Structures are given as structure tokens and as C-alpha cells.
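Data block below; observations after.
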Number of protein chains: 2
Amino acid sequence: MKKNKAKAVTIHDLAEELKVSASTVSRALNEQEGIGKKTRKAVKKLAKEWGYRPNRMASSLRTNTSRTIGILVPWINRPFISSLISGIENAARGSGYQVIIAQSHDSSDQEKENIQTLYDTRISALIISLAMETTDYSHFELIQENDIPVVFVDRIPNLGNCIKVQINNFKAAFDATAHLIAQGCTRIAHFGGSSNQIIYQDRRLGYLSALKNAGLDIDERLNLQAQHLSAEEGTRLSEQIFSLENPPDGIFCANDTSAISAIKYAQEKNIRIPEDLAIIGFNDDPICTVISPQLSSITHPASSMGMEAVNQVISLLNGKSQAHDSAVSLSLETNLVIRASSDRRR
Amino acid sequence: MKKNKAKAVTIHDLAEELKVSASTVSRALNEQEGIGKKTRKAVKKLAKEWGYRPNRMASSLRTNTSRTIGILVPWINRPFISSLISGIENAARGSGYQVIIAQSHDSSDQEKENIQTLYDTRISALIISLAMETTDYSHFELIQENDIPVVFVDRIPNLGNCIKVQINNFKAAFDATAHLIAQGCTRIAHFGGSSNQIIYQDRRLGYLSALKNAGLDIDERLNLQAQHLSAEEGTRLSEQIFSLENPPDGIFCANDTSAISAIKYAQEKNIRIPEDLAIIGFNDDPICTVISPQLSSITHPASSMGMEAVNQVISLLNGKSQAHDSAVSLSLETNLVIRASSDRRR
DNA sequence: GTATTTTGCACAATCGATTGCATAAACGAC
DNA sequence: GTCGTTTATGCAATCGATTGTGCAAAATAC
């Protein structure tokens, strides 16, 4: 007899109907040893018939884990991050995990607080991209002490013994800069991000290395940095380099937002792109193909990074490796996408 | 004495230390009646000292609710939606709620499945923007039968007895179209979305109403529809209207993506914007200020919608109204943002 | 002073699933 | 047929917080 719709079916209901104990039902459903074939079959059949759905709360309480992956990112509403989350959500749900989201708003304090709350939720694992501010990682101890797997994505910490999913920022930046050089640029500026974050350090190093490699002079007045690489900061940096007596003929920007600002600034000043100034960004946000001239950029495999992060999480949770002593560093492929903003060949 | 770090503090630990019962501790911490002032104070003090954090799982199991709000959206990685989610996350976390995310990918089946899973998680409430496909709402019964508050956002169902947070699509569309008319357009096309969704029906009605109101002819060959209003569909519709012997001099697009396609198409064909063709989009996505000419649009208060949805949820949960018999329909303000793509005055 | 009400708290059950241990049944070996 | 082993299952405790009921002490009334 079908149970009352309003009241959820429990293992006890199934047990009662089948004249077995709740523990038997539990073991049967969880594919555990020591259950007769017939019993197992009967339990599964009835569970399906009655639409049994396990109570996650009860299970979580008992096992002290929730089959929930916590995601902690600086901002949800950014193209790269929302795609990252989308990738995580797909992969996680495909493996039977829920996904809980929190934003740090690039503040270490909020990051800390959110980690506490996520911990309270007994998340099975944490996937995190660091707040811009964060340089101290002590707030992760709570998570790690409790053997909750942590996977760092994109904005990773300066630590060895942890799991990271990232791109090769150095190489991507090197390639981007080398591309500008190949287009004939000789004075190339860099709009970089906060040196708190390794990704921006690496992009800067890649930039510098490409310059050195080509035998170009390094002018520190062109090697710039902004806290958030916002549109406003992009404009400010543009003003700054074009007030120099000897302005650059190329810019490698560590994100697309600031690159767009540079394009707009140049257009206002009637600086021709790419003839007088070649520009390349980073991330390959949708805006790249909307701005005119279209913006060259580096593709950032956001969704794949999310999926890979989940893969790491799952293999940790399946006990293939110990959470606290493993150090994986995964590097995903980027691609240089050449568009009109830097293409002088035509 | 501080407890062992690895083991979490429970109300029983506190109770033992204070020589009271666990129930007293629980009531003291939850601001319930029937506890002496001194006891209450002592409990709170020790809880703070020992860093007590309630076990959400236990609480959820007992109370059959999780202080978690489920969000179900078609896609996470879209500007409007990621901002909506961001708004929800902020408001929810501010009120002590977690936020769990799921994507329907615009498929009714996935929507259905996700609702089941979210239900299994015993979400306290659901905030949802419908999948494009969805016209049948029977999968919400499970949620509503169990008195879980549901708030529909943006893509709302065609039902009276539910809670909706939306914008006045009719008015916004009317205003957008009227603006084009004021600019001198007399043959105005409409790129609309699937008639499955009320928001697109309303935008179309607003468009038609503005035309009628101005005494303009309605040409059904200009009144178009696309399933997803993607960039490709935008291009296709543009081709379509410009293959007419009498092409339009204005387009009102129900989203920015298709409007951008129209701009690009026009530019390829050397159609001047806004002189020969004035264009206005909808949503005010970031791309609007990046494309050249900048795209006029309707601001969609994404983040505020998220916050309002959470407000509705909270007031329902606080029992100010019954979940199943209340029908709130909140309309947030939109704004017409006039930019170069439609501004003929200069 | 006793009688009555109020206050403050403890006890124990409960939410639903999981799991170590105990035991009964089935099976095989001789 | 007896004994030993394996297999299948039940029992009961447990996870941590919540809550209805009951009782003793304190407060109030008379």
C-alpha cells in the first residue's frame, strides 16, 4: 500500500512491510555485504515502488558528512567564475553531490567566516578560489584538520602540500607577450593584478620573461599593477602610460576588463588599434568578441577547471589518496586567441 | 578547559560543564521561554568561550528543515542570472541561510529531477526561474504539498496563487518601443523569446501596444520569435528582416545577446546605426557599454530581485503568511537606458 | 501560616539512517 | 547425525539538537 503522500517513506516503513529490520534495509540499499540476494532484491523493489528517498539529514548526522561540496569564490557574477561554478555544479550533481555557494567578495574576513559556516554544514569537500586579499591561509586549518578535502582553483595559495587546479599562467602570459612582440611591438606595457595572488605574479613573470627572451628593454614604468583590475583601474593605468613621454606600442593585460578600458581609452585619444597600439587581454570573456576591434585574449577553460576540481574531490573522497598528505597540481590548457586588437598582419 | 580541537563541542558538553541538562542549553541558546536569566547568560558565555557551533544536521533532522534555500535556474553563467544568484546569496547569508544551487539547463526534465533532489535536502525554501521549456507545473506539487515556500523569479509561471518577483515586462517593452518611435522609427521589428514564458509574451504585448498607441501599422513579418534568443538566432532573424523588400528602421530585442547580433549584422551590411536602424535590447548586460555603438537597453535589477526573493522567503518562513495560500506579485523598477544605438538626437 | 500559581529546569522520546556486536539459521564436512 | 563454520539478519546504541511533559522550588496570594 502506498504511503500517504505528505509523509516521506523511511527505511522503517520498508522494513515493517517486508518484515525485516531497518538495518537490513539500510544495508541492502547501500550495497553492503552480508545481505541475502533475495532480501536485497525485495528491498530495492519496494523502495522503488514506494518512492523511497533517503533522508540526507539523518544520514549526514550519522556519518558526519553531507555529500555536499562547498564552493567559495570571490564573486559569483563574473564570467569566468560563473562558468567555473557551472562546471562544478554539473560534475558534482552527476556524481550525486550537492553544491553550496558562498562569496568572499575578495575579503579575507568574509572568506574566513564563510569557511566556518561551510564547515558547520559538514561539507564533504571545499573548492575555493581565493579572495584577492588573502595571503594568510590559517583559516583553512579548521578544514584540513578535519580531513575535509580542499581543492584550490585558479587563485591558489602559495603552498606546496595542497591540491590545485590551475592554468599555466607563466606560459600563457609568455605566449601573449611573445605574440605582441611578433607583431612588431617593442615597448610593451603590462596591466597586472595584485601581487598577493600567484596567478598575477606568474603572469607578470611570463611577461617579463618574454621581453628578456626577445632582448627588449624592461621599463618599470610600463610594468603596472592594480588591485582589482577593474574597468576604472584600466582607464587610470591607460592614462598613466600615455602620459609618458614615450608611450608603449603594446599592452598585455592580465584580464579582459582592463584591456577593454585600454581599447576605449585609445579610441578616445585617436590611437589606432592595432597599428599604434596592440592589445591583448586574458580570460576570453564574452565581451572580447563584442568590442570593436575584437580583443585578443587567452582562453581560460573555466568549465573544465570546475569539472577537474570535482574529479579531484571525488577521488579524494573515494579514498584513493589521503586528503592531508597529497599534493596534486593540475595545469589545464590555455589558448592564445588572436583577434583584431593585436593582429597587424592584415 | 578547552575541548579537543578535532572534536566539535556539543550542547551536551556545555550541559555537563554547567551541570544542567542539554535541553536547558538548547533553550537558552535558542532564546526560548522558560529559562532563568542567570542560566541563559552562563550558557551563552560558555558557548562562546568554547566556540560552540550547532550541528546543522542534527537540527535539520529534528526540525525537518535545513535553513538552506534552494536556487534553481536555467543557467548559472549568464550575466543576469549570476547577478541574481549573487543577490540571493548575500541576502540569504545575511539572514543565516545557506544557498544551494542547481541548473535546469532550460530542460523541464532536469528541472523536475533537481526539484526532487532539492526536496530531499529538505530545503527551507525554493527560489526558481523556470526553464524555457516548462509549461507544465506539476512538479512543484511535491514542494508545495510539503509547505515549502516557493518564490518564482523573472521567468514565472502562468499561475495566480503563487509568489512572484518580477519586473513589469509589459511596461518596459512599451517604453522601449515608444522610445524608438520617439526617435522617428516607423517600422519597428521585435526579436522576441519563446511564448512559453510569460516574460516574453508580455514584452511582445508591450511592443504591440506601443505600436498601436502610436497609430503605427503592425507587420507580422517583423514580429519575430526565437527559442533561446541566442547570438546565432539574432543573426538569423536579422537576415530575415533585411531580406524583406521593406526592411525595418528600428528593432526592439527581448534580450541584449540578440541585439548585439543585430548590430553586428547591420554593420556588416553598412546599415548605419542609429540613423538607418535604431536598436534597443533588454537586460542591460555588461556588453551593452562595450559594443560600439553602445547599446540602449532596459536595466534589469537582477541583484535586487534576488534580495527581494529572499525577503519573501524569510517572511513566509517567519510565518507572516501561509505558504500555500498567499499570492504576492512584486514588480521591481526597470529603467530605460538610452545609448548611441538608438539615440538620433545628437 | 497554608494554598495556589508561576518559574526553572530535567527527563526521555524523537527525527531517520548507520553500524558494531550478537545470534539464529543454513550449510558443509566427517 | 553431530559439530563447526559461514551467512543472513536483528538488536540496540549512536549521531546532536529539539520539544512535550512532569515535577520541584520559588513566588505570590490569602
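Since the structure is predicted, the reported quantities are computational estimates derived from the model, not experimental observations.
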* With nearest nucleotides of DNA chain C determined for A:Arg53 and A:Arg27 from heavy-atom distances, which residue corresponds to the more 5′ nucleotide? -> A:Arg53
* Would you kindly give the CD-to-P distance between B:Gln32 and C:dG8, to the nearest whole Å? => 14 Å
* Asked: Tell me: CG of A:Asn55 to P of C:dT18, nearest whole Å?
  -> 10 Å
* Interface with DNA chain D, restricted to residues 34-41 of chain A and to heavy atoms under 4.0 Å -> A:Gly34, A:Ile35, A:Gly36, A:Thr39
When you measure from the side chain of [X] to the backbone N and O of [Y], does any donor-acceptor pair fall under 3.5 Å?
X: B:Arg155; Y: B:Ser129; result: no
X: B:Ser95; Y: B:Tyr97; result: no
X: A:Glu111; Y: A:Ala131; result: yes

More than 12 heavy atoms of other groups within 6.0 Å of [X] [atom1]:
X: A:Gln110; atom1: CD; answer: yes
X: A:Lys112; atom1: NZ; answer: no
X: A:Met132; atom1: CE; answer: yes

* Between atom CD1 of A:Ile76 and atom CD1 of A:Ile85, what is the distance when rounded to the nearest 0.5 Å? -> 5.0 Å
* **Separation of A:Ile115 CD1 from A:Ile143 CD1 (nearest 0.5 Å)** => 5.5 Å
* Any ion pair linking A:Arg56 and B:Asp120 (charged N to carboxylate O, less than 4.0 Å)? -> no
* Bounds of contact between DNA chain D and chain B, in 5' to 3' order, using a heavy-atom cut-off under 4.0 Å -> D:dG16 to D:dG20
* Any donor-acceptor N or O pair under 3.5 Å, side chains B:Thr65, B:Ser124 -> yes
* Asked: Hey, can you pull the residues of residues 59-66 of chain B with a non-hydrogen atom under 4.0 angstrom from DNA chain C?
  -> B:Leu61, B:Arg62
* Which part of the nucleic acid does A:Val25 contact within heavy-atom distance under 4.0 Å: base, sugar-phosphate only, or nothing? -> nothing
* Taking only side-chain nitrogens and oxygens of A:Ser23, does any of them come within less than 4.0 Å of OP1 or OP2 of C:dT18? -> no
* Asked: Between B:Phe152 and B:Tyr137, does the ring centre distance come in under 6.0 Å?
  -> no
